[in-house]
Amino acid sequence: MPSTTAELIRDRSLGELVRHSNVELAGLDAPQRVARAAVHDALDGDADDALLDDLDIVASEVVTNALKHTPGAVRMRLEIYERGVAMGVIDRGADFDALTVAPANEDPAALIEATSGRGLLIVNCLTRCLKVEPATDGKMVTAILDRPAGAR
């Protein structure tokens, strides 16, 4: 698999770019809701319910992480391809290390009681690729999801 999101997109495995949009998230009271609505608008009825559900979870989790662990989400970039969706959330963080997708606490009893720490694990299971890369305003966390065959 290509090592960066740009390489994945350049290798054409997602097909042709169908639509692209940028959504400003900075300063909003409910950026997760705006991100989910933008996903639905960008797909414009061109996705099944299962893909929309997965995209809703991914958008909510990645935006929430940006709000919780950085000075805030700045914008979301959506790229709709023939065979995939690339969703990038740009935040003001400077941590470019690999994303932690497993719960930090290995104690089974503590994992049962924990009220957070599973979001990126779930996102990683739903996506083809989950990457963090430098961006002009900080960093961009990008998730790539496959679209079923036959989608416009």
Side-chain angles (χ1 to χ4, degrees), residues 2-10 14-105 111 113-148 151-152:
S3 61
T4 68
T5 306
E7 289 172 0
L8 179 66
I9 291 167
R10 275 195 303 271
L14 298 176
E16 293 294 323
L17 180 66
V18 177
R19 283 182 291 287
H20 169 87
S21 66
N22 285 307
V23 181
E24 292 299 319
L25 300 173
L28 298 177
D29 290 333
Q32 297 93 328
R33 185 175 341 147
V34 171
R36 290 189 304 268
V39 167
H40 287 254
D41 289 346
L43 284 161
D44 192 29
D46 193 19
D48 63 20
D49 289 343
L51 178 59
L52 287 173
D53 289 345
D54 290 352
L55 287 164
D56 284 346
I57 291 168
V58 171
S60 292
E61 288 297 331
V62 175
V63 171
T64 296
N65 277 358
L67 295 170
K68 185 174 182 179
H69 300 292
T70 74
V74 175
R75 81 182 61 83
M76 180 174 66
R77 178 189 306 171
L78 282 170
E79 295 177 345
I80 312 301
Y81 292 88
E82 292 171 315
R83 293 181 296 277
V85 177
M87 175 192 305
V89 174
I90 299 167
D91 64 43
R92 293 186 182 102
D95 181 6
F96 303 109
D97 294 334
L99 298 169
T100 303
V101 296
N105 192 333
L111 288 174
E113 297 298 321
T115 59
S116 66
R118 295 175 182 86
L120 286 180
L121 176 64
I122 294 167
V123 167
N124 194 52
C125 291
L126 296 175
T127 61
R128 171 197 240 196
C129 175
L130 182 63
K131 299 278 185 175
V132 61
E133 299 170 289
T136 304
D137 295 331
K139 72 174 182 295
M140 180 167 58
V141 176
T142 302
I144 308 246
L145 289 86
D146 290 318
R147 292 178 74 198
R152 288 182 287 173

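Not measured: the values here are computed from a predicted model.
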About how many Å separate [atom2] of [Y] and [atom1] of [X], when rounded to the nearest 0.5 Å?
X: Asp41; Y: Arg36; atom1: CG; atom2: CZ; value: 13.0 Å
X: Asp91; Y: Arg75; atom1: CG; atom2: CZ; value: 11.0 Å
X: Thr127; Y: Ile57; atom1: OG1; atom2: CD1; value: 11.5 Å
X: Leu126; Y: Ile144; atom1: CG; atom2: CD1; value: 14.0 Å
X: Glu61; Y: Leu130; atom1: CD; atom2: CG; value: 11.5 Å
X: Asn22; Y: Ile90; atom1: CG; atom2: CD1; value: 7.0 Å

Problem set entry | Verdict with supporting geometry, Asp56 and His40, side-chain contact (heavy atoms from CB on, under 4.5 Å) | CA-CA 9 Å; Asp56 284 346; His40 287 254; 2.9 Å; yes
Answer yes or no: is there a side-chain heavy-atom contact under 4.5 Å between [X] and [Y]?
X: Met76; Y: Val39; value: yes
X: Asn65; Y: Val141; value: no
X: Val123; Y: Val58; value: yes

What is the minimum heavy-atom distance between [X] and [Y], and which atoms define it?
X: Arg92; Y: Ala26; value: NH2-CB, 3.9 Å
X: Pro148; Y: Asp48; value: CG-OD2, 3.6 Å
X: Leu14; Y: Arg128; value: CD2-NH1, 3.3 Å
X: Leu67; Y: Ala73; value: CD2-N, 3.9 Å
X: Ala42; Y: Ser21; value: CB-OG, 4.3 Å

Problem set entry | Test item: Arg19 side-chain N/O and Ile80 main-chain N/O as donor-acceptor pair under 3.5 Å |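 No, because the side chain of Arg19 does not come within donor-acceptor range (under 3.5 Å) of the backbone of Ile80.
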For this session: Without swapping roles, check the side chain of Arg147 against the backbone of Tyr81 for a donor-acceptor pair under 3.5 Å.
Result: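 Pair found, side chain donor or acceptor close to backbone of Tyr81.
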Problem set entry | Criterion side-chain contact (heavy atoms from CB on, under 4.5 Å) on Met87 and Val62, from CA distance to verdict | CA-CA 9 Å; Met87 175 192 305; Val62 175; 5.7 Å; no
For this session: May I ask you to say whether Asp146 pairs ionically with Arg83, meaning some side-chain N is under 4.0 Å from a carboxylate O?
Result: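 Arg83 and Asp146: not salt-bridged.
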Exercise. For the side chain to side chain contact (heavy atoms under 4.5 Å, CB included) test, which of Val63, Val23, Thr64 pairs with Pro31?
Worked result: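 Among the candidates, only Val63 passes.
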For this session: Please step through side-chain contact (heavy atoms from CB on, under 4.5 Å) for the pair Arg77 and His20, ending with a clear verdict.
Result: CA-CA 8 Å; Arg77 178 189 306 171; His20 169 87; 3.5 Å; yes
